[in-house]
There are 2 protein chains.
Amino acid sequence: MTDRKPRAGQSRVTLNDVAAHVGVSAITISRALNKPALVTDSLRQRIDDAVRQLGYVPNRAARSLASARSHSVVVLVPSLSNAVFVDTLAAIHDTLYPRGYQTLIGDTRYAPQDEETLLRTYLEYNPDGILLTGFDQNDAASTLLRSADIPTVHMMELDDSGRYCVGFSQFDSGYALTRQLLDKGYRRIGFLAAQLDPRTIKRGEGYRAALREAGLYQPHREIAEAQPSSVGQGARLLDELLRQAPDCDAIFCNNDDLALGVMFECQRRHIAVPQQLAIAGFNNLEMSAWTNPALTTVATPRYAIGQVAANMLLELMAGRQPDSTTVDLGYKLLVRDST
Amino acid sequence: MTDRKPRAGQSRVTLNDVAAHVGVSAITISRALNKPALVTDSLRQRIDDAVRQLGYVPNRAARSLASARSHSVVVLVPSLSNAVFVDTLAAIHDTLYPRGYQTLIGDTRYAPQDEETLLRTYLEYNPDGILLTGFDQNDAASTLLRSADIPTVHMMELDDSGRYCVGFSQFDSGYALTRQLLDKGYRRIGFLAAQLDPRTIKRGEGYRAALREAGLYQPHREIAEAQPSSVGQGARLLDELLRQAPDCDAIFCNNDDLALGVMFECQRRHIAVPQQLAIAGFNNLEMSAWTNPALTTVATPRYAIGQVAANMLLELMAGRQPDSTTVDLGYKLLVRDST
DNA sequence: CTGTTAGCGCGTTCAC
DNA sequence: GTGAACGCGCTAACAG
C-alpha cells in the first residue's frame, strides 16, 4: 500500500520496512541481525519473524558503505581446472564462510596481466582481505595492493620478504622427489614441465640441483613447454623427450596430468613402467592412485594451505598479528609402483 | 594535508578527491569514467591522468547504492572439481567481463541446501542477473528467486515451464549413447552412476528407456551410488556391478571419471576392453581421448552453454526479450575404441 | 537495551 | 558539456 516510489528501483524490502513492520527503529533491526546479543530475546524473536515474513535481504552495498567493511575476501588462483586450487578454494570457503565472509573467486589463468585486471576489479568491492597464489604479481598489481593496504596472504609458496605466506618449498619438493629417484637407482632422469609458472620453475630447479649434486645433470633430458599442462601434452612431451634422450630411465613430470599422459603413451609404445621407464608426477590427483601402475607423486597440502591461509587472514583482518609471517606445511612423497 | 577525518575509515581516494585534483565537480569525473562520450576529449584526458596518478579505485558499493545496478552476475554451479562447470564458468566470464559485469562464483556442492544459502548471501550483492545450474532449486531458493525478481537463466538442462534455459536434453543423450551400444551389438549393458544429481538421473532414464524399447532392460545391471563420482568410485562400482551381473558386455558410466576407474580396474583384472567388456563414459574429459583404449563418451557443449546463457542473460538484463526461452545446444557421441 | 543524527561514495535528476 | 542537490540502505557515534 505504500505509495512512495523512490526511483525506478525494484523497491526491495529494506531495514526501514522491517522496522516499520515491527514498530521499532531501523538501527534496532540492524543490531538484532548483526549483534543479536544486544537485543532483548522477545524483540529479537519478533524481528526474526518479520524478516522472514517480509523476505528481507540485507543490502551489502549499503552495509559496506556505512561500515567500511565489506565482509568479502578476494581469492585469486591461477586455474580452476587444477584440482589443487579447487581444493584450496574449498578450504578457504569452509573457513571463511562460517565467520561471515563471502569468498570472491578470481581465475587468473596463469597470466599476471589477468591477475592485475581481476585485482583492479575486485578491489572495487572493498574486500576486507585478499588471498593470492604465489608471489609473481606484476608491478601494477603490486602497486594496487600496496596502496589498497588490505590484509593479504600469499599461498602455495614461501619466502622471507616479510609477506604473509602459507605453503611449502617448491624447490625442496622437486629436489626431494629427484633425490628419491636417485636413491632408487635411476641415473638418467628426465624432467617434463608445461605451463611454466613460478612454482613449476622452482621445482625444476630442485630437480636440477639434485642431479648436479649427483653429477648426473644433463640439460638435454629436460623439456619445458610454455603451453598449459594436460594429459595430451604429456603424451607429446614424452615423444619429444625420447627423441632427444632415448635412454632416460626415469621421468619426473612436473604434475600428474603430464605423468598420466606419459604413462598412457608408454602403454601405447609398449614401454614397460617402471622396468624400462619410471614415471613420477606431482600433486597427487585422485586418479593417480588408480592407474596401472599407480603413480608415484608428491602429495601437496592444498586443503591445509587454504585453511591456514584463511585463518591467518582472519587474524590480520581482526587487526591481530599472526604468530608467524610464514607457515611451511611441507609435502609428502608418495612412492608407488610407477617408480 | 586534508584534516577531515570522517570516521576511522582508511580514507581511500574517492571521486571527490579526483575532482578536487582536476578542478571539476565529482559528477564530471563520474561521467568521464562511465560515459566517456559525454565529456570533452581534453578534459577526459586530464581526468584519466589524475585517476592513474591518484590510484583511484571506484567504490562498487557506492555505485551500486546510487544506481541500483551492481554490474555483478551470480553464477551457481554444483562443483568446481568437474571440468564441465569450469569450462562453462570460463565461457561466462569471457562473455560478461567485456560487457562490464563481474562474475560471482558459487559452488553448491550438489546440495540444494547449500545452493539456497549461497543464493541468499549472494542476493545481498544485488546481482543484476543470475545463472543457475539445472532446475532443482529447493522451495526456499525458489521463493528467494521469485521475490528478488532478477533476470535468471538456467543452464545444462531444458524444460518448457517458461523459464529461460540453455542446455541439452540429458534424457536424450543417455538414450542415444545406450542406443549406440545396442547398435554395436551389445545386449547386456550395465549402468553406473554416482552423485545422483537430477542430470545423472535423467541420463539414467534415457538408458532405461532405450533398453526397455529393445526388451533388454534388467534392473540388476544398474547401480546408482549417492556418493560423489570419482575414479576410485568407478573401480569400486565395477566390482559391485560384476558381483550382481557378471555377464555384462558393456557399461554405460554416467561420467568419464567413473569410466576411467572402470577401465583401470578392468586392466587390473585382465578384462579386455572392449572385447570382454565395453566401456562408455559421459562428458568427454580431456584425458579420455588418451587412455588405452580411448574412451567412448558424449561430448557436451559446456563452453557454448556458458556463452549462450550469458548472452541470453545480457539480453534480459538489458530489458529485452531473448528470441526464445529455451536453447538446445545438443550433444555429440564420440565413439572411440573402448566400445 | 533502544533511538537520533549524520554520513559512507556515488549516480540520478534537473538545472544551467 | 558541466554542476548542485539529494538520496540510495545501512551503521557509527553518541544519547538516553
Side-chain angles (χ1 to χ4, degrees), chain A residues 2 4-47 51 54 56-72 100 123-126 128, chain B residues 2 4-47 51 54 56-72 100 123-126 128:
Chain A
T2 54
R4 108 201 126 74
K5 191 163 62 68
R7 217 169 294 173
Q10 54 257 356
S11 80
R12 268 171 54 155
V13 177
T14 75
L15 259 195
N16 275 314
D17 297 333
V18 181
H21 189 92
V22 177
V24 295
S25 74
I27 186 68
T28 301
I29 310 291
S30 168
R31 280 199 276 252
L33 263 26
N34 296 314
K35 297 166 182 170
L38 296 183
V39 164
T40 326
D41 275 12
S42 65
L43 215 198
R44 183 150 36 82
Q45 191 52 256
R46 284 167 52 213
I47 290 177
V51 163
L54 268 46
Y56 169 68
V57 175
N59 183 324
R60 232 162 153 111
R63 175 150 94 134
S64 170
L65 245 199
S67 70
R69 307 208 48 209
S70 64
H71 297 269
S72 300
L123 246 19
E124 300 181 0
Y125 285 88
N126 255 311
D128 294 340
Chain B
T2 53
R4 111 201 123 78
K5 190 162 64 65
R7 218 170 294 173
Q10 54 257 358
S11 78
R12 268 172 53 157
V13 176
T14 75
L15 259 195
N16 274 314
D17 297 333
V18 182
H21 189 92
V22 177
V24 296
S25 74
I27 185 62
T28 301
I29 311 290
S30 168
R31 279 198 276 252
L33 262 27
N34 297 316
K35 296 166 182 169
L38 296 183
V39 165
T40 327
D41 275 11
S42 65
L43 217 198
R44 185 151 34 80
Q45 191 52 255
R46 283 166 52 212
I47 290 178
V51 163
L54 268 47
Y56 169 70
V57 175
N59 183 326
R60 228 153 155 120
R63 174 150 94 134
S64 169
L65 247 198
S67 70
R69 306 208 51 209
S70 64
H71 298 269
S72 300
L123 246 18
E124 301 181 359
Y125 286 86
N126 256 312
D128 294 340

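Proteins get letters first, then strands, A, B, ... in listed order; numbering begins at 1 in each. Source: prediction; values computed, not measured.
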Subject >> Result of checking A/I47, A/D17, A/L15 against A/Y56 for side-chain contact (heavy atoms from CB on, under 4.5 Å) >> reply: A/L15

Original post:
In this structure, which one of B/L33, B/I27, B/N34 forms a side-chain contact (heavy atoms from CB on, under 4.5 Å) with B/R31?
Top reply: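 Of the listed options, the one satisfying the test is B/I27.
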
**OP:** Please tell me which of the listed nucleotides, C/dG9, C/dG11, C/dG7, lies nearest to the side chain of A/A66?
**Re:**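 The answer is C/dG7, which lies nearest to the side chain.
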
When the distance from [atom1] of [X] to [atom2] of [N] is rounded to whole Å, what number comes out?
X      : N      : atom1 : atom2 : answer
A/L33  : D/dG9  : CG    : C1'   : 13 Å
B/L65  : D/dC6  : CG    : P     : 19 Å
A/R69  : C/dG7  : CZ    : P     : 23 Å
B/R63  : C/dT12 : CZ    : P     : 9 Å
B/D17  : C/dC10 : CG    : P     : 9 Å
B/N16  : C/dG7  : CG    : C1'   : 13 Å
B/Y125 : D/dG9  : OH    : P     : 19 Å
B/L15  : D/dG3  : CG    : P     : 13 Å

Given 3.5 Å as the limit, does a donor-acceptor pair link the side chain of [X] with the main chain of [Y], or not?
X     : Y     : result
A/T40 : A/S42 : no
B/S67 : B/R63 : yes
B/T14 : B/N16 : yes

Subject >> B/S30 side-chain N/O to C/dC10 phosphate OP1/OP2 under 4.0 Å >> reply: no

**OP:** Determine: side-chain N/O of A/N59 to OP1/OP2 of D/dC8, distance under 4.0 Å, yes or no.
**Re:** no

What nitrogen or oxygen pairs link the protein and nucleotides 1-3 of chain C at under 3.5 Å?
unit_1 : atom_1 : unit_2 : atom_2 : d
C/dC1  : O3'    : A/T40  : OG1    : 3.0
C/dT2  : OP1    : A/T40  : OG1    : 2.8
C/dT2  : OP2    : A/T40  : N      : 3.1
C/dT2  : OP2    : A/T40  : OG1    : 3.4
C/dG3  : OP2    : A/S25  : N      : 3.2
C/dG3  : OP2    : A/S25  : OG     : 3.2
C/dG3  : OP2    : A/T28  : OG1    : 2.4
C/dG3  : N7     : A/R31  : NH2    : 2.7
C/dG3  : O6     : A/R31  : NH1    : 3.3
C/dG3  : O6     : A/R31  : NH2    : 3.4

Original post:
If you fit an axis to the five pairs at each end of the helix from C/dC1-D/dG16 to C/dC16-D/dG1, how big is the angle between those two axes, to 10 degrees?
Top reply: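 That helix has its two terminal axes inclined by roughly 20°.
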
Subject >> Heavy-atom pair with the smallest gap, counting every atom of B/T28 and B/V39 >> reply: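 Closest heavy-atom pair between B/T28 and B/V39: O-CG2, 4.1 Å.
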
Original post:
Which heavy atom of B/N126 sits nearest a heavy atom of A/R12, and at what distance?
Top reply: OD1-NH1, 2.7 Å

Original post:
Could you go step by step and tell me if A/R60 and A/S72 meet the side-chain contact (heavy atoms from CB on, under 4.5 Å) rule?
Top reply: CA-CA 10 Å; A/R60 232 162 153 111; A/S72 300; 4.0 Å; yes

Subject >> Between OG on residue A/S30 and CG on residue A/L38, distance to nearest 0.5 Å >> reply: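 Here the rounded value is 10.0 Å.
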
